[in-house]
Amino acid sequence: MSQREGPAAPALAPCGHGSGHACAHRHGDASSQPVDSVALISARGICVSRHGRDLLIDVDIDIHAREIVTLIGPNGAGKTTLVRVLLGLERPDRGVVHRRRDLKIGYVPQRFDSDIAIPMTVDGFLRLGGSYSDTHINEILEHVDAASARHQQLGELSGGETQRVLLARALLRQPNLLVLDEPVQGVDYSGEADLYNLIARLRDEAGFGVLLVSHDLHIVMARSDRVICLNHHVCCSGMPEAVAQHPSYGRLFGAEAARAFALYRHHHDHSHDLAGMPKPAAADEAGGDGEPSRPARGDE
Amino acid sequence: MLEPFFLRALIASLGLAVVAAPLGCFVVWQRMAYFGETVAQAGLIGVALGLALQMDVTWGVLIVALAVAALLLWFSRQKVVALDSILGLLHHAALAAGVIATSMIKGAPVDLTGFLFGDVFAVTGQDVAIILIGGAIVLAIVAWLWQPLLRLAVHEDLAAAEGVDRELVRTAFIVLLAVAIAVAMKIVGILLVMAFLVVPAVAARPLSRTPQRMVALTALIAAGSVISGLWLSATFDSPGGPSIVLIMSVLAAISLSWASLSRANRPRG
């Protein structure tokens, strides 16, 4: 394991995967690079196939402290599978996942069927994760704007309330990595931006890393340090704007997405160069059609 | 004055009612009623095993219940056929195999009714001791595992991501469930044992806002059903186990009706 110094410099790292690059056909070492042991979670060469279909093909990913990494990709691209592998809920067929020893995960799952089989108040649910003081619970609930739900039954919450309560529970644990799988399902459009702003603000305050999964685009990107575009393999990764202009991103999400992202860009007076440094707005990133043959690695 | 046999029946069933309460709640919360049903019905094979090996049938039931539970867990690893279909198939197969196995035991023909529906008034002093001591151990383990069990029941992935060892906790729960089934079999029989666990929990659900309260209410409802069921049995000479389960079911029906009515009347919003 190589100890890498300094924060990862997010850069555009496109790749052109051939179609014959399935896990089963791969020979030699599982990962061409050692895991990053400084990262909160570092995975190399993750392959998962189910029922003969490759869900994840040779995926590398690192998430560092204080970093918001957004995983985007179309439905069925393997995003949730990758998250489950990273969380240790599912075993990859190949590849390694390295979790830093002090890793403490706050997890907001994609699906939480407000289960009416179990009678439980929001308060009781929050207390299940550990022992917290009354004031602490109130504080966090205020933070996520769900204070009024404290004595409601879990099964009686709306979709948006459920998401905020789940976020509160994750935050109560004082995690150093917050994992949110499609956190805006059931949240209305304005609530969506609020939620991401909240997450970004909390990240600034508490300093945890964030792994955000979404199939939803521009608002997520505005708050991300690094975007990884997944469609079974890593199509491209890097700074949000660089990813948005990458051809494989356009192929995955189409013209509409490009327009939506252009809207987002409009609000900014600068963009970023390949190393993530701000530069004048007119300068465009070189997404490039020259396709290197290696998988994208966000930490290069 | 209570006859000794009646007193034994009362103590044994009351003890069982209390032990079954938390297990029944977890079965309801984790939607494992059908799973438990299958494991319980396989118990008849265990009865045959116990009779064939000339040991207490409780041990035979326990061994077979654990084996079937392990088999079911193993089957649930494949994702091609839904588990409830497998259970639908297996619980009839288990019952059929059990009936055949008991019929093949040499010697006097086996009276199946007692094993299928229980014979609460036949419990011995030793049975009472087993229920009380075994029950106390089961309760202690449930209390110890309460937090992780509840976390798994609320959301399995969330609990596992937060560090709950789901394999270990789930295995422990299934072992406890198998023990409860084996012990309860003598009182309510293998066909009614899951009802004894599940029905009071169902009755308690609409009246509960916290899991702790639901367990307490389940125990109360079960205990009340035991007392009135045994009274019914003594007064009208009806079979004990079925009488208890019938009272439980009536209470559950009342509770569910009340829940349906109050839900219909409540403004949504």
Side-chain angles (χ1 to χ4, degrees), chain A residues 41 50-53 80-81 83-91 99 102-131 151-156 158 162 165-167 169-170 172-175 177-181 211, chain B residues 22 24-34 77-81 145-167 169 198 201-218 255-256 259-260 262-263 266-269:
Chain A
I41 287 188
R50 295 281 182 267
H51 312 300
R53 274 182 55 223
T80 293
T81 305
V83 168
R84 291 176 60 81
V85 167
L86 292 175
L87 291 175
L89 299 175
E90 215 160 304
R91 211 184 283 268
R99 297 180 191 85
D102 64 340
L103 182 67
K104 189 167 189 188
I105 292 172
Y107 175 41
V108 179
Q110 181 182 21
R111 287 170 56 86
F112 189 88
D113 304 313
S114 301
D115 197 338
I116 55 164
I118 305 182
M120 189 174 280
T121 61
V122 167
D123 187 69
F125 174 67
L126 294 176
R127 286 176 191 280
L128 263 188
S131 53
H151 298 290
Q152 266 180 280
Q153 287 282 298
L154 269 190
E156 292 168 356
S158 72
T162 305
V165 166
L166 285 170
L167 181 60
R169 162 141 174 186
L172 271 171
R173 292 171 50 79
Q174 298 188 298
L177 176 63
L178 190 62
V179 179
L180 304 105
D181 195 351
L211 174 61
Chain B
C25 285
F26 276 112
V27 167
V28 169
W29 294 338
Q30 303 187 86
R31 302 165 200 279
M32 286 176 66
Y34 213 11
R77 283 168 160 255
Q78 57 82 31
K79 303 287 179 204
V80 190
V81 180
L145 288 178
W146 173 260
Q147 186 95 352
L149 272 171
L150 196 57
R151 289 169 75 166
L152 277 182
V154 171
H155 195 288
E156 190 176 315
D157 281 348
L158 185 57
E162 289 176 356
V164 174
D165 187 339
R166 54 176 156 182
E167 301 295 328
V169 174
V198 167
V202 170
R205 171 62 189 99
L207 309 169
S208 313
R209 286 183 64 81
T210 67
Q212 291 86 346
R213 186 182 152 97
M214 181 161 155
V215 171
L217 259 181
T218 301
S255 171
L256 289 176
S260 301
S262 59
R263 185 166 189 87
R266 194 176 58 196
R268 291 287 295 164

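What you see is a predicted model, and the numbers here were worked out from it, not measured in a lab. Chain letters run A, B, ... following the sequence lines, proteins first, then strands; residues in each count from 1.
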B:Val154 to A:Met120 - nearest heavy-atom pair and separation: CG2-CE, 3.7 Å
Main-chain N/O of A:Tyr107 paired with B:Glu162 side-chain donor or acceptor, under 3.5 Å: no
Partner residues of A:Arg127 under the side-chain hydrogen bond (donor to acceptor under 3.5 Å, both in side chains) criterion, sequence neighbours left out: A:Asp123, A:Asp134
4.5 Å side-chain heavy-atom contact, B:Asp157 and A:Leu87: no
Shortest non-hydrogen separation from A:Ile105 to B:Ala161 and the atoms involved: CB-O, 4.2 Å
Residue pair A:Pro119 / B:Arg205: nearest heavy atoms and the distance that separates them: CB-NH1, 3.3 Å
Where A:Leu128 and B:Gln147 come nearest, the two heavy atoms and their spacing: O-NE2, 2.9 Å
When B:Arg166, B:Glu156, B:Arg151 are compared by non-hydrogen pairs under 4.5 Å with chain A, the top option: B:Arg151
Qualifying residues under side-chain hydrogen bond (donor to acceptor under 3.5 Å, both in side chains), relative to B:Gln30, sequence neighbours excluded: none
Note, A:Leu166 side chain near B:His155 side chain (heavy atom, < 4.5 Å): no
Structural part of B:Arg213 lying under 4.5 Å from a heavy atom of chain A: neither
Heavy-atom contact with chain B under 4.5 Å, split by part of A:Arg50: neither
